[in-house]
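Right, one structure below, let's go through it.
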Amino acid sequence: MPYQISIIIPVLNEVEIIGNLLSYLSNNSTATNSTEIIVVDGGSTDGTLDLVRTFSVIENTKKADSITKPEFKHQPNIFLIKSPKGRAKQMNLGAQAATGNVLYFLHADSFPPKDFDQLIINEVNRGNNAGCFRMQFDSNHWWLRLAGWLTQFSWRASRGGDQSQFISKELFFELGGFDENYTIYEDNDLINKLYARKQFVVIQEWLTTSARRYQEHGIWKLQFHFWAIYVKKWFGASAKDLLAYYNKHIR
């Protein structure tokens, strides 16, 4: 059975980077492998919506007339969907709209490797129905370089949503999608379920993600709080408890 990928990108006020990502994906994917890019907006107020509309005006429907778009090596269908705020809700809504049989969830500031779509399909053809890429930050700070280097290993502690996430649509819905009780940690909650099934692979090619949050909050401060959230979840903290900690120390 041929596989096709639906790329799902949750956004909220990402006008500075979403255009670069859409251009990159369009120039580094093929019509054979990537059927569509679905941008799911959670209530942006900074011009993100207008920028995405320059790529496509197919908004909450796949029947609208297209407008003049930038020229790309490959022009995938780019759809804009409006959603209630919350990445879990946004990504679930994108998955429901997807026509591809492989879902690829990608943060707006993460750029996958060249030929990412073929690399994903190669793994699915091998029977690996979920996984991610190893990751590097766009920073030369020694700790962030080390943290990125560690993502090549299959350890559960090395996983995170910034590495992106591919999963077959069938498996995604079998697991119930992203748990919308989680305002944060929704990526890791799904990854935990996949690890419990021994259904996860790390593709050994580099995805590059932004270090902007570390630069904003401070590397050691943010890393400490991310570790704290991980440990709290390990000891059974609820989605509500994790959000309260995040709001107090990070947001």
Could you work out, with ring-ring contact (aromatic ring centres under 6.0 Å, His included) as the rule, every residue matching Y246, not counting sequence neighbours? none
So for atom CZ, which belongs to F224, do other residues, nucleotides or ligands contribute more than 12 heavy atoms lying within a distance under 6.0 Å? no
Can you give the donor-acceptor pairs under 3.5 Å from side chains of residues 140-150 to other protein atoms, not counting sequence neighbours?
residue: H141; atom: ND1; partner: W143; partner atom: N; Å: 3.0
residue: W143; atom: NE1; partner: Q223; partner atom: OE1; Å: 3.1

Tell me which one of D46, D50, T45 satisfies side-chain hydrogen bond (donor to acceptor under 3.5 Å, both in side chains) with T48. D46
Would a single hydrophobic cluster contain both L12 and L243, if residues Ile, Leu, Val, Met, Phe, Trp and Tyr are joined by side-chain heavy-atom contacts under 4.5 Å? no
Do V39 and L22 come close enough that some side-chain heavy atom pair is under 4.5 Å? yes
Answer yes or no: is there a side-chain heavy-atom contact under 4.5 Å between P112 and L25? yes
All side-chain hydrogen bond (donor to acceptor under 3.5 Å, both in side chains) counterparts of E180, not counting sequence neighbours: N92
Where do L51 and V15 come nearest, in terms of heavy atoms and distance? CD2-O, 3.4 Å
Using ring centroids (six-membered ring only for Trp), state whether F172 and F105 fall under 6.0 Å. yes
Side-chain contact test, heavy atoms from C-beta onward, threshold under 4.5 Å: evaluate it for Q165 versus M91 and give yes or no. no
Sequence-distant partners of E205, side chain to side chain contact (heavy atoms under 4.5 Å, CB included), two or more places apart: P113, L119, F133, I203
My understanding is that only residues two or more places apart in sequence, or in another chain, count here; which of them pass side-chain hydrogen bond (donor to acceptor under 3.5 Å, both in side chains) with T208? Q136
Return all side-chain donor-acceptor pairs below 3.5 angstrom for residues 183-193, not counting sequence neighbours, or 'none' if the list is empty.
residue: E186; atom: OE2; partner: R87; partner atom: NE; Å: 2.9
residue: E186; atom: OE2; partner: R87; partner atom: NH2; Å: 2.9
residue: D187; atom: OD2; partner: R87; partner atom: NH2; Å: 3.3
residue: N188; atom: OD1; partner: R156; partner atom: NH2; Å: 3.2
residue: D189; atom: OD2; partner: K193; partner atom: NZ; Å: 3.4
residue: N192; atom: OD1; partner: R156; partner atom: NE; Å: 2.5
residue: N192; atom: OD1; partner: R156; partner atom: NH2; Å: 2.8
residue: N192; atom: ND2; partner: N188; partner atom: O; Å: 3.4

N128 meets the side chain to side chain contact (heavy atoms under 4.5 Å, CB included) criterion, sequence neighbours left out, with E123, R126, V201
Is it true that atom CD of Q118 has more than 12 heavy atoms of other residues, nucleotides or ligands lying nearer than 6.0 Å? yes
For R212, the side-chain hydrogen bond (donor to acceptor under 3.5 Å, both in side chains) test, sequence neighbours excluded, returns E14, D109
All ring-ring contact (aromatic ring centres under 6.0 Å, His included) counterparts of F111, not counting sequence neighbours: Y24
Non-hydrogen side-chain atoms of F137 and T209 separated by less than 4.5 Å: yes
Taking the side chain as C-beta and beyond, is there a heavy-atom pair between L171 and Q199 under 4.5 Å? yes
Do N77 and I37 have side chains that get closer than 4.5 Å, going by heavy atoms? no
Heavy-atom closest pair, residues P10 and L106: CD-O, 3.4 Å
With a cut-off of 3.5 Å and sequence neighbours excluded, list every side-chain donor-acceptor pair involving residues 227-236.
none

Excluding sequence neighbours, so at least two apart, what forms ring-ring contact (aromatic ring centres under 6.0 Å, His included) with H217? none
If Ile, Leu, Val, Met, Phe, Trp and Tyr residues are connected whenever their side-chain heavy atoms lie under 4.5 Å apart, and connections chain through other members, are I17 and I78 in the same group? no
Quick one: does T151's side chain get under 4.5 Å of W206's, heavy atoms only? yes
Quick one: does K169's side chain have a donor or acceptor within less than 3.5 Å of a partner on G100's backbone? yes
Around atom CD of E170, are there more than 12 heavy atoms of other residues, nucleotides or ligands at under 6.0 Å? no
Contacts of Y195 that satisfy ring-ring contact (aromatic ring centres under 6.0 Å, His included) - sequence neighbours left out: F200
Does some side-chain heavy atom of F178 sit less than 4.5 Å from a side-chain heavy atom of Q90? no
